[in-house]
Enquirer: 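Quick one: structure below, then a few questions.
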Number of protein chains: 2
Amino acid sequence: MFKPVTIKDIAKALGLSPSTVSRALRDGYEISPETKRIVKEYADKIDYRSNPIALSLKGRRSYSIGVVVCEVANSFFSQAINGIESIAYNKGYRVIISQSHDLYEREVINTKHLANSSVDGLLISMAAETTDFSHLSSLHENGLPIVFFDRVIDQIQTHKVIVNNFSSAFEATELLIKRGHSRIAHLASAPHLSITTERMDGYTAALNKHSIAFNPEYVQYCPHGGRIYGEVEDAVKKLLSLPDSADAIFVSSDRLSIGCLRALKKFHLNPEDMPVAGFSNSDVVELLKPTLSYVRQPAFEMGRIATELLIGLIEAKYPVTEFETKVLDTELFLNDGPLATGSKSV
Amino acid sequence: MFKPVTIKDIAKALGLSPSTVSRALRDGYEISPETKRIVKEYADKIDYRSNPIALSLKGRRSYSIGVVVCEVANSFFSQAINGIESIAYNKGYRVIISQSHDLYEREVINTKHLANSSVDGLLISMAAETTDFSHLSSLHENGLPIVFFDRVIDQIQTHKVIVNNFSSAFEATELLIKRGHSRIAHLASAPHLSITTERMDGYTAALNKHSIAFNPEYVQYCPHGGRIYGEVEDAVKKLLSLPDSADAIFVSSDRLSIGCLRALKKFHLNPEDMPVAGFSNSDVVELLKPTLSYVRQPAFEMGRIATELLIGLIEAKYPVTEFETKVLDTELFLNDGPLATGSKSV
DNA sequence: TAAATTTATGCAATCGATGCCGGGATTCCG
DNA sequence: CGGAATCCCGGCATCGATTGCATAAATTTA
């Protein structure tokens with residue numbers, strides 16, 4: 001079987017001790033230049049690579065970070081993972097991915113599995129189902145660096161990376177209002193997610209500003225984030241079948257936006273009849289047929305920043321007590337191209 | 001800092017030796033039931049978990065598999081990764097993702113990094129740029145289990161998972177022919193990729209069958225797989241500006257299909273004027289405006305199968321010498337919904 | 001009762017790399 | 001020329017868990 005070269009092989013071949021070889025390779029000051037040269041040349045010749053597992057055991061560091069997202073096959077998260085990977089790669093960390101599928105149990109198992117000393121830190125976006133955070137608090141209290149992104153929680157004090165959910169939702173809703181709609185429905189994800197409440201607040205604030213009464217019947221939650229068959233379609237159907245049917249829809253998540261369009265297409269509704277504004281990071285939004293005005297999150301950037309913060313925590317010499325919540329700006333695109341932007345970055 | 005419980009802690013607390021604790025936990029036959037009970041109860045109480053890194057060092061197994069794809073943020077690959085993760089999770093393996101961005105150098109570095117004893121096996125879909133396979137052959141010869149999927153190579157004998165590229169391309173092309181087109185262009189990815197040549201063969205075979213002369217001018221390659229700005233648009237422009245302009249396009253990759261539609265939209269061409277059939281795993285194809293007839297690959301299934309094969313290799317008691325190439329079926333969807341299917345699965 | 005056997009546990013080596021300590025050899029200085 | 005400083009390098013322990021072998025205690029057998 002595969003038997004990699006070890007430091008002992010080099011030592012034996014060169015008639016040195018393992019410790020000498022080790023120090024020579026890491027440029028220890030106590031090794032003569034001549035010996036260093038010999039060792040390095042030989043190591044190079046036989047393509048020696050240090051065993052990261054042995055290093056991890058010794059140094060209590062694995063140079064890997066764990067990522068927990070609800071699913072990889074979602075534009076927002078795959079873009080975020082792209083950003084995560086780009087930073088991790090540059091800093092010499094491996095990225096270990098796991099999916100919660102928005103299930104509490106899976107999230108718990110995955111985080112435990114990752115944390116169990118095999119990962120130096122954790123990047124996580126909460127599952128829709130999760131309402132108990134003890135699996136994360138205990139890890140965090142034990143000193144495992146954690147950074148949240150997108151779906152964050154208040155209960156744990158650490159770095160977080162999000163977008164200006166409130167104002168993004170506000171602007172998307174206001175856009176519909178300015179286009180003459182007043183019976184604006186809101187299709188939202190699981191009620192207790194940070195992104196749901198913040199975006200909901202933006203939605204109601206926009207209604208308020210324009211003196212439109214908030215109608216609870218116009219709000220439909222999808223507790224499973226659209227992950228259950230028919231969930232979105234049923235929600236849309238309800239909105240359409242109200243006595244005083246909605247005349248526009250604001251959707252507060254990527255997956256739901258697409259589901260909403262699909263439902264509308266099924267019901268043969270044109271964008272003129274039922275305009276939709278929603279969050280989406282799909283890379284083909286501008287080619288969609290029931291058109292969509294959409295809020296696009298800087299997913300890649302969010303992944304990058306979250307990873308930088310995490311590695312900062314991991315490599316911090318002293319315990320970090322000052323945490324920051326990075327709030328990035330989104331972009332609002334209208335049916336036919338960019339038109340307005342979210343509160344611009346400074 | 002975070003100091004996990006070790007087997008020694010248990011030993012000390014219980015007045016036993018580490019070896020006894022170890023054997024008790026793994027149900028060694030030589031330990032009395034009473035001792036086992038005590039040890040297990042205590043381990044459970046203090047939430048002991050074995051250190052996977054120590055296990056890896058001892059057992060030369062890391063229970064992790066490396067994945068190299070060109071990019072995560074691509075429907076096909078993110079769906080495949082979803083499949084990979086689902087199997088790996090069930091069998092207790094971690095998944096370590098890395099992206100080549102279709103760059104040869106990145107692929108080499110990533111594979112070396114992964115293989116360097118930290119991974120039990122490798123799942124890889126080749127980068128567009130790669131033409132030299134020595135980085136993989138050497139690993140393979142050293143006994144590292146490797147399974148290829150989607151973009152495979154002939155030079156290494158191991159399990160492979162692909163789709164029936166030839167017949168999928170054949171049927172997609174024939175669809176355009178049956179709809180009355182004869183000047184069918186072909187937009188393809190990097191020329192040396194397995195998927196490119198196989199799909200190209202299907203394309204020409206369809207032309208042959210219907211006695212349509214093959215016109216090399218109708219073939220445009222995108223050596224960077226559409227990863228370079230303007231690459232796809234320029235290719236489409238060329239096809240349109242031929243003296244005898246093409247009247248339909250067959251596109252042989254996911255990314256290019258979307259790029260092609262985008263270019264057509266930019267040039268204000270309707271699907272009636274320039275129908276497109278192409279490979280795509282986007283989850284919103286049926287909502288696209290310049291419509292697309294598309295070949296959909298069972299990406300999730302491919303990931304699943306590739307992972308099962310890989311774990312089979314990893315856990316094989318004896319060296320495996322019989323390799324198989326799994327060929328899965330695709331589905332062909334017409335502009336407005338499913339209509340014909342690829343050679344059906346049995 | 002002594003010997004053989006079983007049972008239950010501990011010791012020590014191992015995996016690969018590194019850090020600490022100590023020691024031999026050379027060089028330096030008085 | 002002798003003692004000290006310096007320079008290089010080897011030995012041993014360590015990280016956490018496993019495992020072959022040794023061994024003490026308990027039990028059975030002769």
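Just so you know, these numbers come straight off a predicted model, no measurement behind them. Chain letters run A, B, ... following the sequence lines, proteins first and then strands; every chain starts at 1.
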Enquirer: Would you say a side-chain N or O of B:Tyr48 is under 4.0 Å from OP1 or OP2 of D:dG16?
Expert: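 Answer no for this pair, as no side-chain N or O of B:Tyr48 is under 4.0 Å from OP1 or OP2.
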Enquirer: Counting just side-chain N and O atoms, does B:Tyr29 come under 4.0 Å of either OP1 or OP2 of D:dT19?
Expert: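 It does not, given that no N or O in the side chain of B:Tyr29 lies less than 4.0 Å from OP1 or OP2 of D:dT19.
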Enquirer: From the list C:dA8, D:dC9, D:dG16, which nucleotide is the closest neighbour of the side chain of B:Lys8?
Expert: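 Closest of the options to the side chain of B:Lys8: D:dG16.
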Enquirer: Please tell me if A:Lys58 has a side-chain N or O lying less than 4.0 Å from either OP1 or OP2 of D:dA13.
Expert: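 No, outside the criterion.
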Enquirer: CD1 of B:Ile53 versus C1' of D:dT14: gap in Å, rounded?
Expert: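 So the CD1-C1' distance, B:Ile53 to D:dT14, works out to 15 Å.
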Enquirer: Closer than 4.0 Å, any side-chain N/O of B:Ser56 to the OP1 or OP2 of C:dC15?
Expert: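 For B:Ser56, the contact criterion (side-chain N or O under 4.0 Å from OP1 or OP2 of C:dC15) is not met.
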Enquirer: Should the ring pair A:Phe149 and A:Phe77 be called parallel, tilted or perpendicular, given that the plane angle runs from 0 to 90° and is split at 30 and 60?
Expert: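 Ring orientation, 0 to 90° scale: perpendicular.
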Enquirer: Would you kindly give the CZ-to-C1' distance between A:Arg26 and C:dG16, to the nearest whole Å?
Expert: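 After rounding, the gap between these two atoms is 13 Å.
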Enquirer: Are any of B:Ser22's side-chain N or O atoms less than 4.0 Å away from OP1 or OP2 of D:dT18?
Expert: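 Checking B:Ser22 against D:dT18: at least one side-chain N or O falls below 4.0 Å of OP1 or OP2.
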Enquirer: Taking the minimum atom-to-atom distance to the side chain of B:Thr35, which one of C:dA8, C:dG16, D:dT18 wins?
Expert: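 Looking only at heavy atoms from C-beta outward on B:Thr35, the closest nucleotide is C:dA8.
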Enquirer: Does a side-chain N or O of A:Ser32 approach OP1 or OP2 of D:dC9 to a distance below 4.0 Å, or not?
Expert: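 Yes, A:Ser32 has a side-chain N/O under 4.0 Å of OP1/OP2 on D:dC9.
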Enquirer: Reckon A:Ser17 has a side-chain N or O less than 4.0 Å from the OP1 or OP2 of D:dG11?
Expert: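 False: A:Ser17 side-chain N/O out of range (4.0 Å or more) of D:dG11 OP1/OP2.
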Enquirer: Answer with yes or no whether B:Arg23 presents, from its side chain, a donor or acceptor under 3.5 Å of a partner atom in the base of C:dG10.
Expert: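 Between C:dG10 and B:Arg23, which were checked side chain against base, a qualifying N/O pair under 3.5 Å is present.
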Enquirer: OP1 or OP2 of C:dG16 less than 4.0 angstrom from a side-chain nitrogen or oxygen of A:Thr6, does that happen here?
Expert: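 For C:dG16, OP1/OP2 do not have a side-chain N/O of A:Thr6 under 4.0 Å.
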